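Right, one structure below, let's go through it.
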Number of protein chains: 2
Amino acid sequence: MSDDRQTRTEKLASEIADAILDGTLAPGSRLDEHMLAARYGTSRTPVREALRQLATTGLIELRPRRGAIVAQVTSDELEMLFVAMGELEATCARLSAMSMTPIERRRLGALYDSMGEMVAQDDVPAYTAANTALHAMFYAGTHNPVLAEMTAGLRRRVGPFRRAQFRAPGRLALSHAEHGAVVRAVLGGDATAAHAAMLHHVSLVEDAFEQLVATAMEAPGSSPHRAKAG
Amino acid sequence: MSDDRQTRTEKLASEIADAILDGTLAPGSRLDEHMLAARYGTSRTPVREALRQLATTGLIELRPRRGAIVAQVTSDELEMLFVAMGELEATCARLSAMSMTPIERRRLGALYDSMGEMVAQDDVPAYTAANTALHAMFYAGTHNPVLAEMTAGLRRRVGPFRRAQFRAPGRLALSHAEHGAVVRAVLGGDATAAHAAMLHHVSLVEDAFEQLVATAMEAPGSSPHRAKAG
DNA sequence: GGCCAATACTGTGCATGCAATTTCGTGAAT
DNA sequence: ATTCACGAAATTGCATGCACAGTATTGGCC
(Lines give C-alpha, C1' and ligand atoms only; values in the text may rest on other atoms or scores of the structure.)
Protein backbone atom coordinates (compact mmCIF):
# COMPACT_ATOMS: atom_id res chain seq x y z
CA MET A 1 0.00 0.00 0.00
CA SER A 2 2.35 2.71 1.19
CA ASP A 3 5.57 3.51 2.91
CA ASP A 4 6.42 0.62 5.17
CA ARG A 5 9.20 2.55 6.84
CA GLN A 6 7.52 2.32 10.20
CA THR A 7 6.68 -1.05 11.68
CA ARG A 8 3.21 -2.41 12.22
CA THR A 9 3.68 -2.06 15.94
CA GLU A 10 4.23 1.68 15.64
CA LYS A 11 1.36 2.14 13.26
CA LEU A 12 -0.87 0.17 15.59
CA ALA A 13 0.21 2.17 18.61
CA SER A 14 -0.60 5.42 16.89
CA GLU A 15 -3.90 4.21 15.45
CA ILE A 16 -5.11 2.80 18.73
CA ALA A 17 -4.03 5.99 20.48
CA ASP A 18 -6.00 8.03 17.96
CA ALA A 19 -9.04 5.83 18.47
CA ILE A 20 -8.82 6.44 22.20
CA LEU A 21 -8.20 10.17 21.92
CA ASP A 22 -11.06 10.78 19.52
CA GLY A 23 -13.47 8.77 21.62
CA THR A 24 -13.94 5.78 19.34
CA LEU A 25 -12.59 3.63 22.14
CA ALA A 26 -14.24 4.81 25.33
CA PRO A 27 -12.50 4.68 28.72
CA GLY A 28 -13.08 1.30 30.29
CA SER A 29 -13.36 -0.54 26.98
CA ARG A 30 -11.73 -3.93 26.92
CA LEU A 31 -8.92 -4.15 24.37
CA ASP A 32 -9.11 -7.72 23.16
CA GLU A 33 -5.90 -8.71 21.42
CA HIS A 34 -7.59 -11.01 18.91
CA MET A 35 -10.16 -8.36 18.10
CA LEU A 36 -7.56 -5.66 17.57
CA ALA A 37 -5.42 -7.99 15.51
CA ALA A 38 -8.37 -8.83 13.27
CA ARG A 39 -9.50 -5.22 13.13
CA TYR A 40 -6.13 -4.05 11.86
CA GLY A 41 -5.28 -7.13 9.86
CA THR A 42 -2.20 -8.29 11.73
CA SER A 43 -1.28 -10.96 14.22
CA ARG A 44 -1.41 -10.55 17.97
CA THR A 45 2.32 -9.98 18.32
CA PRO A 46 2.50 -6.37 17.11
CA VAL A 47 -0.77 -5.66 18.90
CA ARG A 48 0.73 -6.78 22.17
CA GLU A 49 3.81 -4.65 21.66
CA ALA A 50 1.70 -1.63 20.81
CA LEU A 51 -0.44 -2.16 23.89
CA ARG A 52 2.61 -2.31 26.11
CA GLN A 53 3.84 0.94 24.65
CA LEU A 54 0.49 2.63 25.21
CA ALA A 55 0.35 1.32 28.75
CA THR A 56 3.65 3.03 29.53
CA THR A 57 2.25 6.38 28.41
CA GLY A 58 -0.75 5.90 30.69
CA LEU A 59 -3.32 5.82 27.91
CA ILE A 60 -4.36 2.27 28.66
CA GLU A 61 -4.18 0.03 31.70
CA LEU A 62 -2.49 -3.34 31.38
CA ARG A 63 -3.56 -5.87 33.98
CA PRO A 64 -1.39 -8.99 33.88
CA ARG A 65 -3.31 -12.03 32.59
CA ARG A 66 -6.48 -10.01 32.68
CA GLY A 67 -6.21 -7.99 29.54
CA ALA A 68 -6.02 -4.30 28.75
CA ILE A 69 -8.63 -1.60 29.09
CA VAL A 70 -8.67 2.02 28.03
CA ALA A 71 -7.50 3.96 31.06
CA GLN A 72 -10.25 4.69 33.52
CA VAL A 73 -9.80 8.14 34.89
CA THR A 74 -11.68 8.95 38.03
CA SER A 75 -12.68 12.48 38.81
CA ASP A 76 -9.84 12.75 41.33
CA GLU A 77 -7.22 11.43 38.95
CA LEU A 78 -8.44 13.78 36.27
CA GLU A 79 -8.05 16.72 38.59
CA MET A 80 -4.49 15.64 39.31
CA LEU A 81 -3.80 15.41 35.60
CA PHE A 82 -5.13 18.93 35.21
CA VAL A 83 -3.06 20.26 38.08
CA ALA A 84 0.08 18.57 36.78
CA MET A 85 -0.56 19.87 33.29
CA GLY A 86 -1.14 23.35 34.63
CA GLU A 87 2.13 23.32 36.50
CA LEU A 88 4.03 22.11 33.46
CA GLU A 89 2.36 24.61 31.17
CA ALA A 90 3.21 27.37 33.60
CA THR A 91 6.80 26.18 33.70
CA CYS A 92 6.91 26.23 29.92
CA ALA A 93 5.63 29.81 29.94
CA ARG A 94 8.27 30.73 32.48
CA LEU A 95 11.09 29.26 30.43
CA SER A 96 9.65 30.74 27.25
CA ALA A 97 9.81 34.18 28.82
CA MET A 98 13.49 33.57 29.47
CA SER A 99 14.52 31.66 26.38
CA MET A 100 12.43 32.61 23.36
CA THR A 101 14.31 34.10 20.45
CA PRO A 102 13.16 37.38 18.91
CA ILE A 103 11.74 35.45 15.97
CA GLU A 104 9.75 33.19 18.26
CA ARG A 105 8.45 36.19 20.14
CA ARG A 106 7.33 37.86 16.94
CA ARG A 107 5.49 34.74 15.81
CA LEU A 108 3.87 34.35 19.20
CA GLY A 109 2.62 37.93 19.05
CA ALA A 110 1.37 37.47 15.51
CA LEU A 111 -0.55 34.31 16.35
CA TYR A 112 -2.05 35.95 19.39
CA ASP A 113 -3.20 38.92 17.34
CA SER A 114 -4.75 36.70 14.69
CA MET A 115 -6.68 34.92 17.41
CA GLY A 116 -8.31 38.20 18.26
CA GLU A 117 -9.91 38.13 14.81
CA MET A 118 -11.26 34.64 15.44
CA VAL A 119 -12.79 35.75 18.71
CA ALA A 120 -14.47 38.69 16.98
CA GLN A 121 -15.97 36.33 14.40
CA ASP A 122 -16.77 33.67 16.98
CA ASP A 123 -14.95 31.08 14.86
CA VAL A 124 -14.67 28.24 17.37
CA PRO A 125 -12.96 25.64 15.15
CA ALA A 126 -10.27 28.08 14.05
CA TYR A 127 -9.77 29.29 17.61
CA THR A 128 -9.45 25.73 18.90
CA ALA A 129 -6.76 24.96 16.36
CA ALA A 130 -4.97 28.22 17.05
CA ASN A 131 -5.16 27.55 20.76
CA THR A 132 -3.32 24.28 20.28
CA ALA A 133 -0.73 26.04 18.16
CA LEU A 134 -0.31 28.76 20.75
CA HIS A 135 0.37 26.31 23.53
CA ALA A 136 2.72 24.40 21.25
CA MET A 137 4.67 27.62 20.84
CA PHE A 138 5.19 27.79 24.58
CA TYR A 139 6.43 24.22 24.59
CA ALA A 140 8.88 24.95 21.80
CA GLY A 141 9.83 28.25 23.42
CA THR A 142 11.38 26.43 26.36
CA HIS A 143 14.08 25.15 24.01
CA ASN A 144 13.91 22.04 26.11
CA PRO A 145 12.53 19.05 24.18
CA VAL A 146 12.29 16.94 27.33
CA LEU A 147 10.01 19.36 29.10
CA ALA A 148 8.13 20.15 25.89
CA GLU A 149 7.45 16.50 25.22
CA MET A 150 6.28 15.82 28.76
CA THR A 151 3.90 18.74 28.72
CA ALA A 152 2.54 17.94 25.28
CA GLY A 153 2.04 14.33 26.38
CA LEU A 154 0.07 15.43 29.40
CA ARG A 155 -2.04 17.75 27.25
CA ARG A 156 -2.80 14.87 24.89
CA ARG A 157 -3.76 12.73 27.83
CA VAL A 158 -6.34 15.16 29.15
CA GLY A 159 -7.45 16.05 25.64
CA PRO A 160 -10.45 13.71 25.52
CA PHE A 161 -11.85 15.37 28.61
CA ARG A 162 -11.66 19.00 27.56
CA ARG A 163 -13.20 18.83 24.15
CA ALA A 164 -16.15 21.10 24.74
CA GLN A 165 -14.24 23.79 26.61
CA PHE A 166 -15.01 26.61 24.14
CA ARG A 167 -18.69 25.82 23.83
CA ALA A 168 -19.92 28.06 26.61
CA PRO A 169 -20.76 31.56 25.38
CA GLY A 170 -18.15 34.18 26.17
CA ARG A 171 -15.48 31.63 26.89
CA LEU A 172 -13.63 32.44 23.72
CA ALA A 173 -13.20 36.07 24.72
CA LEU A 174 -12.25 35.10 28.25
CA SER A 175 -9.67 32.64 27.01
CA HIS A 176 -8.23 35.27 24.70
CA ALA A 177 -7.95 37.76 27.53
CA GLU A 178 -6.11 35.24 29.68
CA HIS A 179 -3.79 34.42 26.82
CA GLY A 180 -3.10 38.10 26.51
CA ALA A 181 -1.71 38.24 30.04
CA VAL A 182 0.54 35.27 29.37
CA VAL A 183 1.72 36.54 25.99
CA ARG A 184 2.50 39.99 27.32
CA ALA A 185 4.52 38.56 30.18
CA VAL A 186 6.45 36.22 27.89
CA LEU A 187 7.14 38.92 25.32
CA GLY A 188 8.23 41.23 28.09
CA GLY A 189 10.59 38.59 29.46
CA ASP A 190 8.87 38.54 32.86
CA ALA A 191 9.30 34.90 33.83
CA THR A 192 7.47 35.11 37.14
CA ALA A 193 4.47 36.88 35.65
CA ALA A 194 4.34 34.41 32.76
CA HIS A 195 4.28 31.52 35.21
CA ALA A 196 1.54 33.07 37.30
CA ALA A 197 -0.59 34.09 34.32
CA MET A 198 -0.43 30.66 32.72
CA LEU A 199 -1.21 28.95 35.99
CA HIS A 200 -4.23 31.20 36.37
CA HIS A 201 -5.34 30.46 32.81
CA VAL A 202 -5.10 26.72 33.18
CA SER A 203 -6.84 26.72 36.54
CA LEU A 204 -9.74 28.54 34.94
CA VAL A 205 -9.89 25.93 32.21
CA GLU A 206 -9.95 23.30 34.90
CA ASP A 207 -12.78 25.06 36.70
CA ALA A 208 -14.73 25.24 33.45
CA PHE A 209 -14.23 21.55 32.98
CA GLU A 210 -15.39 20.75 36.48
CA GLN A 211 -18.55 22.71 35.89
CA LEU A 212 -19.07 20.69 32.76
CA VAL A 213 -18.68 17.46 34.70
CA ALA A 214 -21.03 18.71 37.35
CA THR A 215 -23.77 19.53 34.85
CA ALA A 216 -23.20 16.21 33.08
CA MET A 217 -23.59 14.43 36.41
CA GLU A 218 -26.98 16.03 36.88
CA ALA A 219 -28.10 14.64 33.54
CA PRO A 220 -27.74 10.89 34.00
CA GLY A 221 -27.61 8.72 30.92
CA SER A 222 -24.89 10.76 29.29
CA SER A 223 -21.53 9.49 30.42
CA PRO A 224 -19.38 12.33 31.78
CA HIS A 225 -16.21 10.69 30.51
CA ARG A 226 -17.37 10.44 26.95
CA ALA A 227 -16.67 13.83 25.47
CA LYS A 228 -17.73 12.91 21.96
CA ALA A 229 -20.83 11.13 20.76
CA GLY A 230 -20.34 7.89 18.83
CA MET B 1 9.71 -21.80 41.51
CA SER B 2 9.37 -18.21 42.58
CA ASP B 3 6.32 -16.02 42.67
CA ASP B 4 5.07 -15.89 39.11
CA ARG B 5 2.53 -13.21 39.85
CA GLN B 6 4.28 -10.76 37.57
CA THR B 7 4.95 -11.73 34.01
CA ARG B 8 8.36 -12.38 32.53
CA THR B 9 8.03 -9.22 30.49
CA GLU B 10 7.70 -7.10 33.60
CA LYS B 11 10.52 -8.87 35.38
CA LEU B 12 12.68 -8.41 32.31
CA ALA B 13 11.84 -4.74 32.01
CA SER B 14 12.77 -4.10 35.60
CA GLU B 15 15.95 -6.20 35.47
CA ILE B 16 17.17 -4.60 32.27
CA ALA B 17 16.35 -1.18 33.68
CA ASP B 18 18.36 -1.98 36.80
CA ALA B 19 21.26 -3.16 34.69
CA ILE B 20 21.21 0.12 32.82
CA LEU B 21 20.81 2.28 35.90
CA ASP B 22 23.62 0.62 37.82
CA GLY B 23 25.96 0.83 34.87
CA THR B 24 26.16 -2.85 33.96
CA LEU B 25 24.77 -1.94 30.56
CA ALA B 26 26.62 1.15 29.41
CA PRO B 27 25.00 3.82 27.24
CA GLY B 28 25.41 2.90 23.61
CA SER B 29 25.48 -0.84 24.27
CA ARG B 30 23.63 -2.89 21.74
CA LEU B 31 20.73 -4.81 23.24
CA ASP B 32 20.65 -7.99 21.22
CA GLU B 33 17.33 -9.75 21.61
CA HIS B 34 18.78 -13.24 21.35
CA MET B 35 21.49 -12.41 23.84
CA LEU B 36 19.06 -10.95 26.36
CA ALA B 37 16.70 -13.89 25.89
CA ALA B 38 19.51 -16.33 26.55
CA ARG B 39 20.87 -14.27 29.44
CA TYR B 40 17.53 -14.30 31.23
CA GLY B 41 16.42 -17.75 30.11
CA THR B 42 13.35 -16.79 28.11
CA SER B 43 12.37 -16.45 24.49
CA ARG B 44 12.64 -13.29 22.46
CA THR B 45 8.96 -12.42 22.79
CA PRO B 46 8.96 -11.09 26.36
CA VAL B 47 12.33 -9.48 25.71
CA ARG B 48 10.88 -7.52 22.82
CA GLU B 49 7.92 -6.40 24.90
CA ALA B 50 10.20 -5.29 27.73
CA LEU B 51 12.39 -3.36 25.31
CA ARG B 52 9.40 -1.53 23.90
CA GLN B 53 8.34 -0.56 27.39
CA LEU B 54 11.81 0.72 28.23
CA ALA B 55 11.98 2.64 24.99
CA THR B 56 8.84 4.54 25.94
CA THR B 57 10.40 5.65 29.20
CA GLY B 58 13.44 6.93 27.31
CA LEU B 59 15.90 4.55 28.91
CA ILE B 60 16.74 2.85 25.65
CA GLU B 61 16.54 3.82 22.02
CA LEU B 62 14.61 1.58 19.64
CA ARG B 63 15.61 1.94 16.02
CA PRO B 64 13.25 0.04 13.73
CA ARG B 65 14.92 -2.93 12.08
CA ARG B 66 18.22 -1.83 13.50
CA GLY B 67 17.97 -3.02 17.06
CA ALA B 68 17.97 -1.34 20.43
CA ILE B 69 20.75 0.44 22.26
CA VAL B 70 21.00 1.89 25.73
CA ALA B 71 20.05 5.53 25.34
CA GLN B 72 22.90 7.69 24.24
CA VAL B 73 22.73 10.97 26.05
CA THR B 74 24.74 13.77 24.59
CA SER B 75 26.00 16.54 26.78
CA ASP B 76 23.29 18.84 25.48
CA GLU B 77 20.49 16.35 26.06
CA LEU B 78 21.76 15.70 29.53
CA GLU B 79 21.66 19.37 30.33
CA MET B 80 18.05 19.46 29.16
CA LEU B 81 17.23 16.52 31.35
CA PHE B 82 18.78 18.34 34.27
CA VAL B 83 16.91 21.55 33.54
CA ALA B 84 13.61 19.70 33.17
CA MET B 85 14.24 17.78 36.37
CA GLY B 86 15.10 20.98 38.17
CA GLU B 87 11.88 22.62 37.06
CA LEU B 88 9.83 19.64 38.13
CA GLU B 89 11.59 19.35 41.47
CA ALA B 90 11.01 23.04 42.06
CA THR B 91 7.35 22.60 41.20
CA CYS B 92 7.13 19.72 43.65
CA ALA B 93 8.64 21.91 46.35
CA ARG B 94 6.15 24.65 45.54
CA LEU B 95 3.18 22.32 45.80
CA SER B 96 4.62 20.72 48.91
CA ALA B 97 4.74 24.11 50.58
CA MET B 98 1.06 24.48 49.82
CA SER B 99 -0.20 20.95 50.36
CA MET B 100 1.87 19.09 52.94
CA THR B 101 -0.01 17.92 55.98
CA PRO B 102 1.32 18.72 59.47
CA ILE B 103 2.52 15.13 59.80
CA GLU B 104 4.41 15.33 56.53
CA ARG B 105 5.98 18.61 57.60
CA ARG B 106 7.10 17.10 60.89
CA ARG B 107 8.68 14.14 59.14
CA LEU B 108 10.38 16.40 56.64
CA GLY B 109 11.86 18.45 59.45
CA ALA B 110 12.98 15.35 61.31
CA LEU B 111 14.69 13.88 58.25
CA TYR B 112 16.41 17.15 57.54
CA ASP B 113 17.70 17.37 61.10
CA SER B 114 18.98 13.81 61.02
CA MET B 115 20.89 14.65 57.85
CA GLY B 116 22.78 17.29 59.80
CA GLU B 117 24.24 14.45 61.87
CA MET B 118 25.36 12.63 58.75
CA VAL B 119 27.09 15.74 57.47
CA ALA B 120 28.89 16.16 60.78
CA GLN B 121 30.14 12.58 60.57
CA ASP B 122 30.85 12.84 56.84
CA ASP B 123 28.78 9.69 56.25
CA VAL B 124 28.40 9.85 52.48
CA PRO B 125 26.43 6.60 51.95
CA ALA B 126 23.89 7.49 54.61
CA TYR B 127 23.59 11.02 53.29
CA THR B 128 23.07 9.80 49.75
CA ALA B 129 20.24 7.53 50.86
CA ALA B 130 18.71 10.26 53.00
CA ASN B 131 18.97 12.69 50.10
CA THR B 132 16.89 10.36 47.95
CA ALA B 133 14.37 10.01 50.75
CA LEU B 134 14.21 13.78 51.20
CA HIS B 135 13.45 14.40 47.57
CA ALA B 136 10.91 11.60 47.62
CA MET B 137 9.17 13.46 50.44
CA PHE B 138 8.78 16.48 48.19
CA TYR B 139 7.30 14.30 45.48
CA ALA B 140 4.81 12.79 47.90
CA GLY B 141 4.14 16.18 49.43
CA THR B 142 2.56 17.42 46.22
CA HIS B 143 -0.29 14.98 46.83
CA ASN B 144 -0.27 14.61 43.08
CA PRO B 145 0.84 11.14 41.96
CA VAL B 146 1.03 12.21 38.33
CA LEU B 147 3.53 14.96 38.98
CA ALA B 148 5.35 12.86 41.58
CA GLU B 149 5.75 9.97 39.17
CA MET B 150 6.98 12.18 36.36
CA THR B 151 9.56 13.85 38.56
CA ALA B 152 10.76 10.60 40.07
CA GLY B 153 11.05 9.13 36.60
CA LEU B 154 13.18 12.02 35.45
CA ARG B 155 15.37 11.67 38.53
CA ARG B 156 15.86 7.99 37.81
CA ARG B 157 16.78 8.82 34.26
CA VAL B 158 19.54 11.20 35.20
CA GLY B 159 20.61 9.00 38.09
CA PRO B 160 23.43 7.22 36.28
CA PHE B 161 25.06 10.55 35.55
CA ARG B 162 25.06 12.04 39.01
CA ARG B 163 26.50 9.18 40.96
CA ALA B 164 29.59 10.89 42.25
CA GLN B 165 27.94 14.15 43.19
CA PHE B 166 28.81 14.00 46.89
CA ARG B 167 32.44 13.02 46.35
CA ALA B 168 33.90 16.49 46.26
CA PRO B 169 34.94 17.69 49.72
CA GLY B 170 32.57 20.16 51.32
CA ARG B 171 29.73 19.28 48.98
CA LEU B 172 27.84 17.47 51.72
CA ALA B 173 27.71 20.58 53.88
CA LEU B 174 26.80 22.75 50.91
CA SER B 175 24.01 20.40 49.89
CA HIS B 176 22.69 20.40 53.44
CA ALA B 177 22.66 24.18 53.56
CA GLU B 178 20.73 24.37 50.31
CA HIS B 179 18.28 21.79 51.58
CA GLY B 180 17.83 23.95 54.64
CA ALA B 181 16.56 26.83 52.55
CA VAL B 182 14.08 24.58 50.76
CA VAL B 183 12.89 22.87 53.93
CA ARG B 184 12.39 26.14 55.78
CA ALA B 185 10.37 27.57 52.90
CA VAL B 186 8.21 24.46 52.64
CA LEU B 187 7.64 24.24 56.38
CA GLY B 188 6.79 27.92 56.42
CA GLY B 189 4.31 27.47 53.59
CA ASP B 190 6.13 29.92 51.34
CA ALA B 191 5.47 28.39 47.92
CA THR B 192 7.41 30.95 45.92
CA ALA B 193 10.48 30.71 48.13
CA ALA B 194 10.34 26.92 48.06
CA HIS B 195 10.27 26.97 44.28
CA ALA B 196 13.19 29.37 44.06
CA ALA B 197 15.28 27.56 46.65
CA MET B 198 14.84 24.17 45.03
CA LEU B 199 15.61 25.57 41.61
CA HIS B 200 18.78 27.06 42.99
CA HIS B 201 19.73 23.81 44.67
CA VAL B 202 19.24 21.72 41.57
CA SER B 203 21.08 24.16 39.34
CA LEU B 204 24.06 23.90 41.67
CA VAL B 205 23.94 20.13 41.41
CA GLU B 206 23.90 20.53 37.66
CA ASP B 207 26.90 22.82 37.78
CA ALA B 208 28.76 20.30 39.91
CA PHE B 209 27.98 17.64 37.39
CA GLU B 210 29.20 19.74 34.50
CA GLN B 211 32.46 20.30 36.29
CA LEU B 212 32.73 16.56 36.70
CA VAL B 213 32.17 16.02 33.01
CA ALA B 214 34.71 18.70 32.17
CA THR B 215 37.39 17.10 34.29
CA ALA B 216 36.53 13.67 32.92
CA MET B 217 36.89 15.01 29.40
CA GLU B 218 40.39 16.16 30.20
CA ALA B 219 41.34 12.64 31.23
CA PRO B 220 40.75 10.62 28.04
CA GLY B 221 40.40 6.87 28.33
CA SER B 222 37.79 7.08 31.05
CA SER B 223 34.40 7.42 29.45
CA PRO B 224 32.45 10.27 31.02
CA HIS B 225 29.17 8.45 30.53
CA ARG B 226 30.23 5.30 32.31
CA ALA B 227 29.74 6.04 35.94
CA LYS B 228 30.53 2.56 37.19
CA ALA B 229 33.02 -0.02 36.07
CA GLY B 230 31.71 -3.34 34.81
C1' DG C 1 46.09 0.75 -3.22
C1' DG C 2 41.51 2.55 -2.56
C1' DC C 3 36.60 2.51 -3.72
C1' DC C 4 32.43 0.38 -5.07
C1' DA C 5 29.35 -3.54 -5.86
C1' DA C 6 27.62 -8.10 -5.10
C1' DT C 7 26.94 -11.75 -1.75
C1' DA C 8 26.58 -14.10 2.69
C1' DC C 9 25.13 -13.50 7.21
C1' DT C 10 23.24 -11.70 11.30
C1' DG C 11 19.25 -9.91 13.55
C1' DT C 12 14.73 -7.91 13.65
C1' DG C 13 9.54 -8.11 12.43
C1' DC C 14 5.82 -10.78 12.48
C1' DA C 15 2.84 -15.07 12.32
C1' DT C 16 1.44 -19.14 14.43
C1' DG C 17 0.74 -22.56 18.08
C1' DC C 18 0.48 -24.32 22.69
C1' DA C 19 0.02 -24.08 27.73
C1' DA C 20 -1.77 -21.81 31.72
C1' DT C 21 -4.87 -18.78 33.91
C1' DT C 22 -8.90 -16.22 34.21
C1' DT C 23 -13.71 -15.89 33.47
C1' DC C 24 -18.20 -17.23 32.45
C1' DG C 25 -21.96 -20.53 32.67
C1' DT C 26 -24.21 -24.33 34.89
C1' DG C 27 -25.62 -26.92 38.63
C1' DA C 28 -26.40 -28.27 43.35
C1' DA C 29 -26.66 -27.40 48.24
C1' DT C 30 -27.87 -24.40 52.06
C1' DA D 1 -33.41 -17.38 46.25
C1' DT D 2 -28.61 -16.88 47.03
C1' DT D 3 -24.14 -18.75 47.19
C1' DC D 4 -20.62 -21.80 46.31
C1' DA D 5 -18.28 -25.21 43.49
C1' DC D 6 -17.12 -27.24 39.27
C1' DG D 7 -16.22 -27.37 34.40
C1' DA D 8 -15.82 -25.31 29.75
C1' DA D 9 -14.63 -21.61 26.89
C1' DA D 10 -12.03 -17.70 26.12
C1' DT D 11 -7.92 -15.01 26.54
C1' DT D 12 -3.44 -14.02 27.80
C1' DG D 13 1.69 -15.39 28.19
C1' DC D 14 5.27 -17.30 25.92
C1' DA D 15 7.98 -20.21 22.53
C1' DT D 16 9.25 -21.17 17.97
C1' DG D 17 9.86 -20.48 13.03
C1' DC D 18 10.19 -18.00 8.81
C1' DA D 19 10.89 -13.93 5.80
C1' DC D 20 13.06 -9.64 4.95
C1' DA D 21 15.88 -5.65 6.04
C1' DG D 22 20.37 -4.24 7.55
C1' DT D 23 25.31 -5.27 8.12
C1' DA D 24 29.66 -7.22 7.25
C1' DT D 25 32.68 -9.47 4.02
C1' DT D 26 34.71 -10.49 -0.17
C1' DG D 27 35.81 -9.76 -4.82
C1' DG D 28 36.27 -6.80 -8.85
C1' DC D 29 37.30 -2.43 -10.99
C1' DC D 30 39.38 2.05 -11.52
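For clarity, every value in this text was computed on a predicted model and none was experimentally measured. Letters go in sequence order (proteins before strands), and every chain restarts at 1.
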Find the distance B:H34:NE2 to C:dG11:P and express it as a whole number of Å.
8 Å
So, A:S99 side chain and A:S96 main chain: donor-acceptor pair closer than 3.5 Å or not?
no
Minimum-distance nucleotide to B:R8 side chain [options: D:dA21, D:dT12, D:dA15]
D:dA15
B:R156: what forms a side chain to side chain donor-acceptor pair (under 3.5 Å) with it, not counting sequence neighbours?
B:E149
Tell me: CG of A:D32 to P of D:dA10, nearest whole Å?
11 Å
Are A:R48 and D:dG13 close enough that a side-chain N or O sits under 4.0 Å from OP1 or OP2?
yes
Which one, D:dT11, C:dT21, C:dT16, comes nearest to the side chain of A:R65?
C:dT21
Expressed as a whole number of angstroms, how long is the span from A:L31:CG to D:dT12:C1'?
13 Å
Can you tell me how far P of C:dT23 sits from CD1 of A:I69, to the nearest Å?
12 Å
Under 3.5 Å: donor-acceptor pair, side chain of B:T24, backbone of B:I20:
no
So, are A:E49 and A:R8 salt-bridged, with charged N and O less than 4.0 Å apart?
no
Ignoring hydrogens and angles, are the base of C:dT16 and the side chain of A:T45 linked by a donor-acceptor pair under 3.5 Å?
yes
Presence of B:R66 side-chain N/O under 4.0 Å of D:dT23 phosphate oxygens OP1/OP2:
yes
Can you tell me the distance, in whole Å, between the CZ atom of A:R44 and the P atom of D:dA15?
13 Å
For B:L12 and D:dG13, what is the distance between atoms CG and P respectively, to the nearest whole Å?
14 Å
Value in whole Å for how far the P atom of C:dG13 lies from CZ of B:R52:
7 Å
More 5' along DNA chain C: A:E10 or A:R30, using each one's nearest nucleotide?
A:E10
From CD of A:E33 across to P of C:dA15 the rounded distance in Å is 13 Å
Over 60° means perpendicular and under 30° means parallel, so tell me whether B:H135 and B:H179 are parallel, tilted or perpendicular.
perpendicular
From C:dG11, C:dG13, C:dA15, nucleotide with atom closest to A:T42 side chain:
C:dA15
